[in-house]
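Take a look at the following structure, please.
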Amino acid sequence: MNIRYILGAPEGAPIAQVLSTLRAQSAWRPFDERAVAFVRRFSQKLLTSAGIRQHPELAALGHWFRGANLQTLAGKYPFETPEQLKLGRGLAFHLAPSNVDSVFMYSWLLSLLAGNVNLVRVSQKASAPLEFLVGALAQTLAEDVGIPVRDRIVLLTYPHDEQLTRQISESCLIRVVWGGDATVRALRAIPLRPTATEICFPDRFSACAIRASAVLEADDAALARLAAGFYNDAFWFAQQACSSPRLVAWVGEEAAIDAAAARFWTAVDAELARRQPENSEAMNMARVAASFEYAAAKLARPAVAGELRGAHPMRLRLEAALDETAKTLHCGNGLFLETRLPRLAALAPQLSDKEQTLAVHGFPREELVELALALPARAVDRFAKFGEALSFAPVWDGQDLITTFSRNILLPNG
């Protein structure tokens, strides 16, 4: 089998032997001091590594797992009571996505903190962020703090191989799938042990909503911060992250929206000029091709007359309600659909279980609650401030990961 071990196993080791070693490890209590010490040290190593400024998403990862946050997180979970004890479930098999290098690290490290042993398959596609992560992990494993977890971590890659994936799946007690809908469907056809559980993070579509009057009332400094937050949400991964906004919903009167949109997008253009995100010819052609498909389907037209090829960002004005076709045609890469609404709750009928994050600006809590109560079942898992759409939380896609990654053992009372 064409397996390349990146960390945790010698090159050429039979996968059956590797799985046997992993399964022999006992489950730990959540937030075992050995796991916490390793994750805290990895965070420090990542944040102090030369070149971290070139990878802001990895800096965010390191910051999220800093020691103070781990202490706060551990305090939120009552892991032992007179009636029950919590332990990790056992071997967790993580299948990482190919388009967002850092995202699998959150579930992997949370699974480790929850008490589990972990095997992670990453994409064969090389990337600078992944190499950076592997370097920091290898350095941390080489230190004394890495000794207790060395036999609890394997990072590998292999070509798509159903037989190999089936062999690993038969050994694991949790399977964590990051990928598109097709990937999730294919992997769900590969059975798990009857006692195993599965968490899937399929294709999602995210949006943002802006009250026009809030943009018009903002001073230049506040508007610049709003544009910077929008940049972080939408351009770090070229809108490929599941929580990156692809739809911009403007709320207010037409004249106010016209003025606010002009002001907002001018500020976004200034932010792009300052930070210079990737904008290759392939990305440009993907936007243009998508715009033609939207036009052919009579779903959207250019928001700015005459603007098409070369526009970055490219804005398309929806001519009909947002539907599944409009979501499926979206290519990311700096393409934004825009719609206009008289009030925020009017967005609810256009959303579905496809939506994950709605970044919001200018709305009081009661309007967010009104929208939430009007949503179809399973639509929108989280509301976020601008600039925080990509911020991770232990509750992701509506699931409390620490709770899902651990199990309860009932004890006799008294």
Side-chain angles (χ1 to χ4, degrees), residues 56-57 59-61 63-64 100 103 204-252 256-275 277 303 312-315 322 330 332-341 343-348 350-351 355-372 375 379-393 395-396:
E57 72 278 16
L61 172 73
H63 182 74
W64 199 90
V100 183
V103 69
R204 304 302 297 274
F205 186 96
S206 291
C208 67
I210 312 174
R211 184 187 294 281
S213 60
V215 172
L216 297 178
E217 292 164 4
D219 60 25
D220 290 345
L223 183 63
R225 289 193 297 272
L226 185 66
F230 182 77
Y231 179 97
N232 292 341
D233 291 342
F235 291 92
W236 268 9
F237 299 109
Q239 288 177 296
Q240 301 306 311
C242 58
S243 53
S244 294
R246 297 183 170 203
L247 170 75
V248 179
W250 290 99
V251 178
I257 292 175
D258 286 340
R263 191 169 186 234
F264 173 77
W265 289 111
T266 297
V268 171
D269 288 341
E271 190 68 16
L272 265 65
R274 184 175 73 84
R275 297 171 69 172
H312 186 238
M314 180 181 288
R315 300 161 50 201
L322 181 71
H330 203 290
N333 297 310
L335 176 67
F336 296 93
L337 303 176
E338 291 186 84
T339 191
R340 299 183 174 201
L341 305 167
R343 60 190 183 92
L344 182 61
L347 182 60
Q350 302 184 56
L351 303 179
E355 275 66 65
Q356 189 216 54
T357 297
L358 182 68
V360 292
H361 178 71
F363 302 98
R365 185 179 188 277
E366 54 267 26
E367 290 192 41
L368 301 182
V369 172
E370 181 188 13
L371 171 61
L375 288 170
V380 183
D381 290 315
R382 57 195 287 261
F383 295 95
K385 297 177 182 178
F386 269 51
E388 298 181 6
L390 300 184
S391 296
F392 192 78
V395 177
W396 196 252

What are the two closest heavy atoms between Gly362 and Ala214, and how far apart are they?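 Heavy-atom minimum between the residues: CA-CB, 3.8 Å.
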
Does Arg263 use its side chain to pair, donor to acceptor, with the backbone of Val215 at less than 3.5 Å?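 Yes: the side chain of Arg263 pairs with the backbone of Val215.
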
For a 4.5 angstrom cut-off between non-hydrogen side-chain atoms, does Phe230 reach Ile210?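 Answer no - side chains too far apart.
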
Look only at the side chain of Trp250 and the backbone of Ala261, and say whether a donor-acceptor pair between them is shorter than 3.5 Å.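 No, Trp250 side chain to Ala261 backbone: no donor-acceptor pair under 3.5 Å.
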
Provide the closest heavy-atom pair for Leu344 versus Ala209 in the form atom of the first, atom of the second, distance.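 Shortest heavy-atom separation between Leu344 and Ala209 comes out as CD1-CB, 3.7 Å.
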
So how far is it from Leu223 CG to Glu271 CD, rounded to the nearest 0.5 Å?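 Going from the CG atom of Leu223 to the CD atom of Glu271 covers 10.5 Å.
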
List the atom of Ala389, the atom of Trp396, and the distance in Å for their closest heavy-atom pair.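 For Ala389 and Trp396, the tightest heavy-atom pair comes out as O-CH2, 4.4 Å.
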
Would you say Glu366's side chain and Pro364's backbone share a donor-acceptor pair under 3.5 angstrom?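 Such a contact is absent between Glu366 side chain and Pro364 backbone.
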
I'd like to check Glu338 versus Trp265 (side-chain heavy atoms, cut-off strictly below 4.5 Å). Are they in contact?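 Touching, per the 4.5 Å side-chain cut-off.
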
Could you pull out the closest heavy-atom pair between Pro245 and Ala207, with the gap in Å?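 That would be CB-C, 3.8 Å.
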
Using salt bridge (Lys or Arg N to Asp or Glu O under 4.0 Å) as the criterion, list what pairs up with Asp219, not counting sequence neighbours.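 Checked Asp219 against salt bridge (Lys or Arg N to Asp or Glu O under 4.0 Å); zero matches.
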
From CZ (Phe383) to CZ (Arg365), nearest 0.5 Å: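 Reported to 0.5 Å precision, the distance equals 10.5 Å.
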
What is the ring orientation for Phe235 with Phe336, classed by angle as parallel under 30°, tilted 30 to 60°, or perpendicular over 60°?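 Tilted.
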
Quick one: CG on Leu358 to OG on Ser206, what's the gap to the nearest 0.5 Å?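 Leu358 atom CG to Ser206 atom OG measures 8.5 Å (nearest 0.5 Å).
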
What's the separation between atom CG in Leu341 and atom CZ in Arg211, rounded to the nearest 0.5 Å?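 One gets 11.5 Å once the value is rounded to the nearest 0.5 Å.
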
Which atom names give the shortest non-hydrogen contact between Pro313 and Leu272, and what distance separates them?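 The answer is CD-CD2, 3.7 Å.
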
Working to the nearest 0.5 angstrom, can you tell me the gap between Leu371 CG and Phe363 CZ?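 Result: 9.0 Å between the selected atoms.
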
State, with a plain yes or no, whether a side-chain heavy atom of Ser213 is found less than 4.5 Å away from one of Val251.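 With C-beta onward as the side chain, the pair stays apart.
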
Residue pairs passing the salt bridge (charged side-chain N to carboxylate O under 4.0 Å, His left out) test where at least one lies in residues 379-392, sequence neighbours excluded: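 As it turns out, the salt bridge (charged side-chain N to carboxylate O under 4.0 Å, His left out) pairs with a partner in residues 379-392, which skip direct neighbours, are Arg204-Asp381, Arg378-Asp381.
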
Are the side chains of Leu375 and Leu351 in contact, using a 4.5 Å heavy-atom criterion?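 Counting from C-beta outward, Leu351 and Leu375 do come under 4.5 Å.
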
Determine yes or no for a side-chain-to-main-chain donor-acceptor pair under 3.5 angstrom, with Asp233 supplying the side chain and Ser244 the backbone.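 Checked: no pair found.
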
Minimum-distance pair of heavy atoms, taken over all atoms of Gln240 and Gly332: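 What the structure gives for the nearest pair is NE2-CA, 3.8 Å.
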
Run the numbers on Phe386 and Arg225 for side-chain contact (heavy atoms from CB on, under 4.5 Å), then give the verdict. CA-CA 9 Å; Phe386 269 51; Arg225 289 193 297 272; over 6 Å; no

Minimum side-chain heavy-atom gap Thr339-Leu322 below 4.5 Å: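 Heavy-atom side-chain distance check fails, nothing below 4.5 Å.
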
Any sub-3.5 Å donor-acceptor pair from Gln239's side-chain atoms to Gly334's backbone N or O?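 Checking the backbone N and O of Gly334 against the side chain of Gln239, a donor-acceptor pair under 3.5 Å is found.
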
Nearest 0.5 Å please: distance from the NE2 atom of His330 over to the CG atom of Leu335.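 Output value for this atom pair is 4.0 Å.
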
